Novice: 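Structure below; questions to follow.
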Amino acid sequence: MGEEAKEEFEPKIVGFTCNWCTYAAADLAGTSRKKYPPNSRIIRLMCSARLDPMFVLKALLNGADGVFFSGCHPGECHYIKGNFYARRRIAAIRTILKQFGLDDRFKSYWISASEGEKFANTMKSLTEEVKELGPNPMRGKII
Amino acid sequence: MKGAELKHGDLEGLLKGLLEKGVVDCLIVPHRAGKSVSYMLVKHADKIESSASALFAPSFSVNAANLVKGWTIKEKVGIVAKPCEIRAAVELIKLKQLDNESVLLITTDCSGAYTNQVYTEHYAEIGDQVDSAKITELEGKGITIRESCAICEHRLADVGDIIIASGAGDDLVVAGLTEKGEGALTALELSLEDKDLERAAEKEKIAAEAKAKLAGLPELSSLDALEEFLQDCIVCKNCRDMCPVCYCKECFFDQPLGDPAGGDLLNLAELRGAVGLPTGQLFYHLTRVYHVSTTCVGCGACEDACPKDIPLTRLYPVITQKVQEIFKYEPGKDVDEPLPFTAYEEEELEECLR
Ligand code: SF4
Ligand code: SF4
Ligand code: SF4
Ligand code: FES
């Protein structure tokens with residue numbers, strides 16, 4: 001793809017974030033007027049452990065250009081250990097995605113409620129990375 | 001481990017003994033019907049056949065664990081089957097789809113197996129039992145073992161409660177791996193002595209051969225490749241139904257979201273412009289790979305079950321092995337080892353987050 005086309009490309013990114021940390025961090029980024037690209041659509045989960053890897057698969061297969069997940073730092077889950085279990089599931093699905101060269105479109109982070117700035121910066125770098133990757137080829141496919 | 005030496009001819013008596021002495025209430029054992037071999041559920045000892053010709057027959061019909069999946073009965077069921085089948089049963093115990101107290105798992109050595117169709121068709125050449133030399137010889141004639149067997153590293157019996165290991169010629173060793181297994185053999189009044197059935201060198205050789213075969217398989221390394229691989233899939237979900245470790249009472253892909261029809265399908269077509277029919281091959285298989293990612297025992301039952309001859313071994317066991325590697329987990333090995341998704345370490349896998 002030429003440079004021009006790349007510049008026009010505004011990726012669609014689906015984000016799954018934990019209510020207690022990253023979702024609050026997104027709020028904080030907003031209330032403290034941190035600017036970040038509007039490409040991500042955020043879906044709030046009550047805990048990392050609610051992230052069913054099928055959500056990631058479905059988003060990617062339906063053409064989301066990027067998918068991210070973000071939860072409380074390990075050891076800081078509101079429900080004590082939800083993110084420890086989530087980390088294992090993510091490791092498994094990432095291994096599968098990697099086999100098919102899809103793992104580049106899936107990112108995961110730990111962002112706590114107080115890290116509004118980190119959230120804004122993460123959204124910036126994420127959007128850049130996904131722009132680099134270009135549109136998800138699944139978008140136009142008949143599946 | 002403690003065991004006893006036997007001859008092939010003794011097996012009939014051993015199995016009958018299990019029923020007669022009340023060690024088990026019933027037995028699922030290989031059953032020979034003419035040229036072919038399947039299973040039977042035996043309640044009365046007199047129905048036990050002279051089983052030598054069936055017990056080690058290199059024929060795969062169904063995964064025996066799939067036959068008892070979800071059985072939650074008090075009666076004790078003895079299951080005599082190949083390593084991959086017993087491994088699946090062990091996973092089912094961990095998944096609470098089978099009660100450890102209600103089964104006696106008896107594993108036989110396996111040499112690699114043919115699909116039951118190939119076995120029946122070529123029974124004259126294959127016979128009742130094969131070894132690796134025979135397998136290679138038959139390969140020359142175009143009679144090949146299942147791909148899942150070619151890449152299987154766990155052909156020697158080393159899981160379950162009791163193992164039946166074949167030695168030279170007519171010799172066998174039967175040994176207890178668990179207290180339950182040893183108790184059963186003691187009840188049969190076998191005189192048990194210490195046995196070493198580790199067979200490390202033999203296992204290494206099998207593993208090396210299996211790894212070489214695996215390396216020779218075409219790899220599915222892109223989404224395009226997977227799409228092409230699944231092009232003929234009609235989403236009949238037979239691979240799921242025959243998989244011993246796919247156990248949900250109500251599969252997502254039998255529900256409206258996973259199996260859209262009518263208006264739901266029109267909505268999808270509206271969203272994407274068009275949908276393929278049948279739809280959802282990628283979603284179905286990628287989800288299933290994830291669902292069995294830690295528990296897949298590589299038995300190849302999915303591939304055997306596919307009416308469209310899709311070589312599913314190249315998808316399921318090949319990829320799930322990679323997931324099992326990151327958790328250092330070997331499905332079916334140890335009934336007391338927790339399933340990877342039910343456990344965690346506080347510090348681990350950070351490389352998987354990025
Ligand atoms: S997968 Fe392994 S244990 Fe199962 S039938 Fe094949 S060789 Fe035997
Ligand atoms: S996915 Fe296939 S190879 Fe794996 S356990 Fe299920 S049927 Fe056997
Ligand atoms: S058995 Fe074959 S055709 Fe049926 S769903 Fe599985 S891969 Fe598709
Ligand atoms: S509550 Fe945030 S990860 Fe569990």
Side-chain angles (χ1 to χ4, degrees), chain A residues 48-49 51-64 68-77 80-111 122 125-126 129 136-143, chain B residues 219-227 229-231 252-253 257-258 268-269 271-294 315 318-327 329 339-354:
Chain A
S48 304
L51 181 82
D52 188 325
M54 284 175 81
F55 299 167
V56 179
L57 288 174
K58 186 156 186 178
L60 286 174
L61 291 176
N62 274 315
F68 80 90
F69 149 80
S70 184
C72 311
H73 289 271
E76 291 172 18
C77 170
I80 317 296
K81 47 192 184 181
N83 51 8
F84 288 135
Y85 293 119
R87 187 170 55 192
R88 287 207 158 188
R89 296 179 198 139
I90 289 167
I93 195 69
R94 183 173 293 290
T95 305
I96 296 166
L97 292 175
K98 197 168 171 195
Q99 173 75 32
F100 305 107
L102 280 169
D103 57 323
D104 283 348
R105 294 189 185 273
F106 175 50
K107 312 277 170 191
S108 19
Y109 315 102
W110 308 124
I111 300 175
T122 304
S125 58
L126 169 68
E129 282 169 63
N136 181 346
M138 287 313 289
R139 268 207 208 174
K141 288 199 175 175
I142 312 273
I143 55 166
Chain B
E219 220 191 328
L220 292 167
S221 50
S222 69
L223 200 57
D224 286 342
L226 182 64
E227 239 188 310
F229 179 80
L230 295 173
Q231 216 133 56
F252 176 84
F253 294 97
L257 264 180
L268 274 181
L271 186 76
R272 299 189 55 99
V275 285
L277 294 177
T279 193
Q281 287 100 332
L282 283 170
F283 190 35
Y284 163 71
H285 283 285
L286 284 170
T287 301
R288 212 178 84 75
V289 168
Y290 168 69
H291 283 177
V292 301
S293 61
T294 63
L315 179 62
V318 168
I319 294 172
T320 57
Q321 263 186 29
K322 297 185 182 180
V323 175
Q324 291 160 14
E325 258 163 42
I326 63 171
F327 298 121
Y329 184 74
L339 293 161
F341 290 143
T342 66
Y344 62 84
E345 304 275 341
E346 291 200 3
E347 292 194 17
E348 62 172 355
L349 302 170
E350 275 307 320
E351 72 280 5
C352 298
L353 289 165
R354 53 187 184 82

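Numbered from 1 within each chain, the chains take letters A, B, ... in sequence-line order. What you are looking at is a predicted structure, and each value in this text was computed from that prediction instead of being measured.
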Novice: Between B:Glu345 and chain A, which part of the residue has a heavy atom less than 4.5 Å away: side chain, backbone, both or neither?
Specialist: both
Novice: Just so I understand: if I count every heavy-atom pair under 4.5 Å between each of B:Thr342, B:Leu271, B:Leu268, B:Val318 and chain A, which residue has the most?
Specialist: B:Thr342
Novice: Check each atom of B:Ala225 against the heavy atoms of chain A and say whether the ones under 4.5 Å are side chain, backbone, both or neither.
Specialist: neither
Novice: Counting N and O atoms only, with roles assigned by atom type, does the side chain of A:Asp103 sit under 3.5 Å from a partner on the main chain of A:Arg94, one being a donor and the other an acceptor?
Specialist: no
Novice: Counting heavy-atom pairs under 4.5 Å with chain A, which one of B:Thr320, B:Thr279, B:Val275, B:Leu220 comes out on top?
Specialist: B:Leu220
Novice: What distance separates A:Phe69 CZ from A:Asn83 CG, expressed to the nearest 0.5 Å?
Specialist: 7.0 Å
Novice: Assign the ring pair A:Tyr109 / A:Phe68 to parallel, tilted or perpendicular, where the plane angle (0 to 90°) is split at 30° and 60°.
Specialist: tilted
Novice: Highest number of heavy-atom pairs under 4.5 Å with chain B: which of A:Pro74, A:Gly101, A:Pro53, A:Gly140?
Specialist: A:Pro53
Novice: Which bit of A:Ile143 comes within less than 4.5 Å of chain B, counting heavy atoms only: side chain, backbone, both or neither?
Specialist: both
Novice: Which value, rounded to the nearest 0.5 Å, describes the distance between B:Phe252 atom CZ and A:Met54 atom CE?
Specialist: 4.0 Å
Novice: Please classify the contact of B:Gln281 with chain A as side chain, backbone, both or neither, using a heavy-atom distance under 4.5 Å.
Specialist: neither
Novice: Look at A:Asn62, A:Ile90, A:Leu97 and state which one has the largest set of heavy-atom pairs under 4.5 Å with chain B.
Specialist: A:Asn62
Novice: If you look only at distance, which donor and acceptor atoms sit under 3.5 Å apart when one is on a side chain in residues 283-291 of chain B and the other is two or more places apart or in another chain?
Specialist:
from, atom 1, to, atom 2, distance (Å)
B:His285, ND1, B:Tyr316, OH, 2.8
B:Thr287, OG1, B:Phe283, O, 2.7
B:Arg288, NE, B:Tyr316, OH, 3.2

Novice: For A:Leu61, is it the side chain, the backbone, both or neither that has a heavy atom under 4.5 Å from a heavy atom of chain B?
Specialist: both
Novice: Salt-bridged, A:Lys58 to A:Asp52, with N to O below 4.0 Å?
Specialist: no
Novice: For A:Arg88, which residues count as a salt bridge (Lys or Arg N to Asp or Glu O under 4.0 Å) partner, sequence neighbours excluded?
Specialist: B:Glu348
